[in-house]
2 protein chains.
Amino acid sequence: METAPQTASNHHPQFQIEIDVVVFTLRENSLQVLLCCPRSAGQWQLPGVSLRTDAGLEETAAGCVTRFTGLHEAYLEQLYTYYKPGGNVAAVVYFALVPADSLLKDKDESAANWFPVNDLPALVPNHDEVLVYALRRLRYKLEYSAVGFELLPENFSLSELQSTYELILGEKLDKRNFRRRILQAGIIESTSHRRAGEGRPAQLYRYRPDAVAEVKARRLFP
Amino acid sequence: METAPQTASNHHPQFQIEIDVVVFTLRENSLQVLLCCPRSAGQWQLPGVSLRTDAGLEETAAGCVTRFTGLHEAYLEQLYTYYKPGGNVAAVVYFALVPADSLLKDKDESAANWFPVNDLPALVPNHDEVLVYALRRLRYKLEYSAVGFELLPENFSLSELQSTYELILGEKLDKRNFRRRILQAGIIESTSHRRAGEGRPAQLYRYRPDAVAEVKARRLFP
DNA sequence: GCAAAAGTGTTACAGTTACACCCATGG
DNA sequence: CCATGGGTGTAACTGTAACACTTTTGC
């Protein structure tokens, strides 16, 4: 990475690098994504910033999330790097999960908004594709890792967790099987809090950050 | 991707983009990786080229594989993008699988060589890490997709396929279970060829490119 | 006391694993 | 005819999916 790659010529083309972030959250009973509409573009697009030479990729993505949501900790993962030949700007796309009810700050400056993933506005070219890919990755990841907690506040009830999974996967789940599995996996622990409301109060749980989140799935091959 | 991202300033830092490729193959009964040692660096590193403005990322990676192995078709997948703050070159890393016995061409020009993944030379900084990640991804991918065929010639026996899996996963597999599963999955078809040698001749199979390769694994969550 | 959400076990079924012998060919 | 690698089925087990009622609270 530090040394020049070996090519015939010695001068290398220069590119601009843009970090885009697909930020998901749960709002209004649906999975939503953060989009912004800068005046210069006049069209909705993923929030993004230009990479500076003195900043890391993930660091920059995290800064972008903070700037648009005000949150300082979010689940972040590199998704894909795009480059369209003929241009001179490459886009490194991250995806992020932020807890429910993360409010937008700087609303006017950033002109950003949440949109349900099933009801998106027209987007800048290629961002549709990126979004579809991010969504696929999120669903996929949900099936073999513990990523669902990132969309919930620190303390949550099992019913809330189940709804999260149902919303993202788009299917209903069996309550008893869901509880058994999630508890057996040992990735959450109960807290001393309970949430009152209509009906019987719910036991609240917390994610155990020390838990080993990825689990070996059944293999097809061999 | 085309429009400028919104930042305060209007001038953007410029970077060089390097495409590196982790090329795996099976040779001498082990999983091996392609490394090169350009005169300028004097140290082993992943083969890489500088991105040109008029070329796509995957296209460039494919060209890199061709240049070092002589092969024109290889399984390619984007792995990760790295950037070390303070530098000005980002590296987009791909991983590639090439069939057994892919010979190196241009041996002297490229100064490249195959190394068993368990016995690597000292590498340029950060490439160790990249390689470890690539290997993890390969093992992982092998478990839920049909990627193993990419390391074999067009026609192969079931025993050869099984050895491939065993070599990569680093564990022995049950012959009968292996065969049942791979055949049930319907991703290979028998050909009219057989391979003679010591012992009973083996039926040769071929990968069905139309097969749906990715299969839903058992979920932990929900 | 009733509406509303939380919590709790068991059984049938499907898929996975473990395992040992016969077959076809070349020398 | 024998050495070598190729090819084949079954039984025990483990994990998964389906399913309905009782409990606790607020009003």
Side-chain angles (χ1 to χ4, degrees), chain A residues 26 29 100 142-144 148 152-153 155-167 169-206 214-222, chain B residues 26 29 100 142-145 148 152-153 155-167 169-206 212 214-222:
Chain A
L26 291 177
N29 234 31
L142 204 66
E143 300 197 349
Y144 66 86
L152 288 171
N155 293 320
F156 51 85
S157 71
L158 287 179
S159 299
E160 289 166 345
L161 184 58
Q162 184 174 346
S163 311
T164 303
Y165 276 87
E166 289 176 339
L167 268 174
L169 297 173
E171 58 181 304
K172 285 285 170 197
L173 302 173
D174 182 272
K175 183 160 64 161
R176 282 178 288 190
N177 292 339
F178 180 81
R179 283 163 188 249
R180 181 169 351 106
R181 262 155 110 152
I182 220 91
L183 291 174
Q184 267 180 9
I187 52 179
I188 61 177
E189 57 191 11
S190 54
T191 67
S192 53
H193 304 121
R194 322 179 110 236
R195 167 134 47 239
E198 264 198 308
R200 175 174 171 175
Q203 174 67 253
L204 295 187
Y205 292 81
R206 172 198 327 157
E214 304 241 344
V215 182
K216 203 143 200 140
R218 153 178 106 73
R219 292 182 193 163
L220 173 65
F221 317 109
Chain B
L26 291 177
N29 234 31
L142 205 65
E143 300 197 350
Y144 67 86
S145 80
L152 289 170
N155 293 319
F156 50 85
S157 72
L158 288 180
S159 300
E160 288 166 344
L161 184 58
Q162 184 175 346
S163 310
T164 302
Y165 276 87
E166 289 176 338
L167 268 173
L169 297 174
E171 58 181 304
K172 284 286 169 194
L173 303 172
D174 182 273
K175 183 161 63 162
R176 281 179 289 191
N177 292 339
F178 180 82
R179 281 162 189 249
R180 181 168 351 105
R181 263 156 110 152
I182 221 92
L183 291 174
Q184 267 180 9
I187 52 179
I188 60 176
E189 59 191 9
S190 54
T191 66
S192 53
H193 304 122
R194 321 179 112 238
R195 168 135 45 240
E198 264 198 309
R200 175 173 169 174
Q203 175 66 254
L204 294 187
Y205 291 81
R206 172 198 327 157
V212 184
E214 303 242 345
V215 182
K216 203 146 200 137
R218 153 178 105 74
R219 292 182 193 165
L220 173 66
F221 316 110

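Below, read A as the first sequence line, B as the second, and so on, with proteins coming before strands; counting in each chain starts at 1. This one's a predicted model, so the numbers in the text were calculated from it and none came from an experiment.
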Once you round it to whole Å, what is the distance between [atom2] of [N] and [atom1] of [X]?
X        : N      : atom1 : atom2 : answer
B:Ile182 : C:dT16 : CD1   : C1'   : 15 Å
B:Arg195 : D:dT4  : CZ    : P     : 20 Å
A:Glu160 : C:dA6  : CD    : C1'   : 12 Å
B:Lys172 : C:dC19 : NZ    : P     : 16 Å
B:Gln162 : D:dT8  : CD    : P     : 14 Å
A:Phe178 : D:dT16 : CZ    : P     : 15 Å
B:Leu161 : D:dG7  : CG    : P     : 12 Å
B:Gln203 : C:dT25 : CD    : P     : 12 Å

- prompt: Looking only at side-chain N and O atoms, does B:Ser159 come under 4.0 Å of OP1 or OP2 in D:dG5?
  reply: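 No, outside the criterion.
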
- prompt: Can you find a side chain N or O atom of A:Arg179 that sits less than 4.0 Å from OP1 or OP2 on C:dT8?
  reply: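 A:Arg179 to C:dT8 OP1/OP2: no side-chain N or O under 4.0 Å.
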
To the nearest 0.5 angstrom, please state how far the [atom1] atom of [X] sits from the [atom2] atom of [Y].
X        : Y        : atom1 : atom2 : answer
A:Asn177 : A:Ile182 : CG    : CD1   : 12.0 Å
A:Leu158 : A:Phe178 : CG    : CZ    : 7.0 Å
A:Arg194 : A:Asn155 : CZ    : CG    : 13.0 Å
B:Tyr205 : B:Leu183 : OH    : CG    : 5.0 Å
B:Arg195 : B:Ser157 : CZ    : OG    : 6.0 Å

task: Locate the shortest heavy-atom distance separating B:Lys172 from B:Glu166; write the atom from each residue and the value.
output: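 B:Lys172 and B:Glu166 have their closest heavy atoms at NZ-OE1, 3.6 Å.
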
query: Do the non-hydrogen side-chain atoms of B:Leu173 and B:Tyr165 ever get within less than 4.5 Å of each other?
result: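 They are in side-chain contact.
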
task: With side-chain contact (heavy atoms from CB on, under 4.5 Å) as the test, would you mind laying out the steps for A:Thr164 and A:Leu142 before giving the verdict?
output: CA-CA 10 Å; A:Thr164 303; A:Leu142 204 66; over 6 Å; no

Taking N or O atoms only and anything under 3.5 Å, show me the protein contacts with nucleotides 17-21 of chain D, one pair per line.
from	atom 1	to	atom 2	distance (Å)
D:dA17	OP2	A:Arg181	NH1	2.8
D:dA18	N7	A:Asn177	ND2	3.0
D:dA18	N6	A:Asn177	OD1	3.2
D:dA18	N6	A:Arg180	NH2	3.4
D:dC19	N3	A:Arg176	NH2	3.1
D:dC19	N4	A:Asp174	OD1	3.4
D:dC19	N4	A:Arg176	NE	3.4
D:dA20	N1	A:Arg176	NH1	3.3

field: Polar side-chain atom of B:Thr191 near backbone of B:Arg206 as donor-acceptor pair, under 3.5 Å
entry: no

Detail all sub-3.5 Å separations between protein N/O atoms and N/O atoms belonging to nucleotides 24-27 of chain D.
from	atom 1	to	atom 2	distance (Å)
D:dT24	O2	A:Arg200	N	3.4

